[in-house]
Amino acid sequence: MDLLQANRANAVTETTVAKWLKAAKSVAVLTGAGISAESGIPTFRGPGGVWKTYRAEELATPQGFARDSKLVWEWYDWRRSVIAEAQPNAGHLALAEIERRVPGFTLVTQNVDGLHDRAGSRNILRVHGDIWTVRCTVCDRERRDLRPRIESLPPFCSCGAMERPGVVWFGEGLPEDVWERAVVATKAADLFFVIGTSAVVHPAAGLVHLAKASGAKVVEINVDKTPVSATVDISWRASAAEALPALLVDRGL
Ligand code: NAD
């Protein structure tokens with residue numbers, strides 16, 4: 001495909017998705033690390049996915065934390081400092097605007113960075129938790145901790161036990177109530193977006209198949225092909241910060 005053909009194909013995709021969005025009564029969105037990449041927050045599998053010599057899969061696990069909790073906390077502390085410096089990008093902002101325009105809207109995010117909240121999204125289901133929350137490893141008490149850097153690592157709960165980041169690690173279950181609400185929203189959606197996720201982390205990626213099986217039109221926005229690209233109705237090869245604002249342009253549809 002030459003450049004002219006590619007531009008035409010992109011314009012057709014944009015118009016089709018914008019039409020679907022205009023007609024939609026209920027929209028559900030699944031986002032992953034890719035939507036925050038343009039805010040400068042590294043994804044797990046892209047460039048910057050390795051910290052010191054460790055891969056995310058070694059650190060974001062209960063086993064990694066049991067092996068060396070201080071190391072895992074140092075990684076989270078570094079991530080918190082990167083996120084604290086970051087700003088929501090045009091993709092996050094466009095999703096918040098779409099929520100204001102559509103009658104029913106649910107944002108299911110695998111991200112823990114809080115950028116959707118800061119962009120103004122309201123109905124957010126954080127299926128992998130929140131990096132700004134810490135939880136006691138013994139009494140389960142949760143608290144918000146917004147310090148970009150925690151001076152003394154690991155932090156301790158008032159009960160005396162060690163705290164852990166309030167996120168879901170690989171191999172752990174998702175918060176049940178949050179997950180159930182994500183399933184309900186997915187089944188109810190007539191339009192489902194899957195944005196900036198490699199769609200390999202389950203069960204979150206399963207929502208894409210559920211949306212399709214429930215009769216929604218499914219649109220993927222990703223700079224690369226993923227395992228769900230062949231399942232969706234439209235796989236839009238584009239960056240989230242470019243594609244999402246383009247859907248809000250008034251085309252007189
Ligand atoms: P991932 O790193 O596995 O995949 C990122 C995906 O985003 C890739 O498919 C990539 O092609 C795509 N992508 C990169 N830049 C993009 C852009 N500008 N626009 C659109 N797509 C883009 O991330 P994942 O699928 O979210 O899964 C990894 C897990 O990592 C999740 O559970 C999540 O909790 C966690 N995580 C969160 C953050 C965050 O909160 N920002 C960051 C890294 C990882």
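Since this is a predicted model, take the numbers as computed values, not measurements. Counting starts at 1 for both ligands and their atoms, following the listed order.
Using modelled atom types, one finds a donor on one side chain and an acceptor on the other under 3.5 Å when comparing T109 with T31.
R237 approaches S235 most closely through the heavy-atom pair NH1-OG, 3.1 Å. Heavy-atom minimum distance, P42 versus V82: CD-CG1, 4.2 Å.
For a heavy-atom separation below 4.0 Å, the residues in contact with ligand 1 are G32, A33, G34, S36, A37, E38, I41, P42, T43, F44, R45, R79, Q110, N111, V112, D113, H128, G196, T197, S198, V201, N222, V223, D224, A238, S239, A240.
The side chain to side chain contact (heavy atoms under 4.5 Å, CB included) test applied to T231 returns H209, K212, not counting sequence neighbours.
By the 30° and 60° cut-offs, the orientation of the rings of H92 relative to H116 is perpendicular.
Salt bridge status for E57 with R45: present, with a side-chain N to carboxylate O gap under 4.0 Å.
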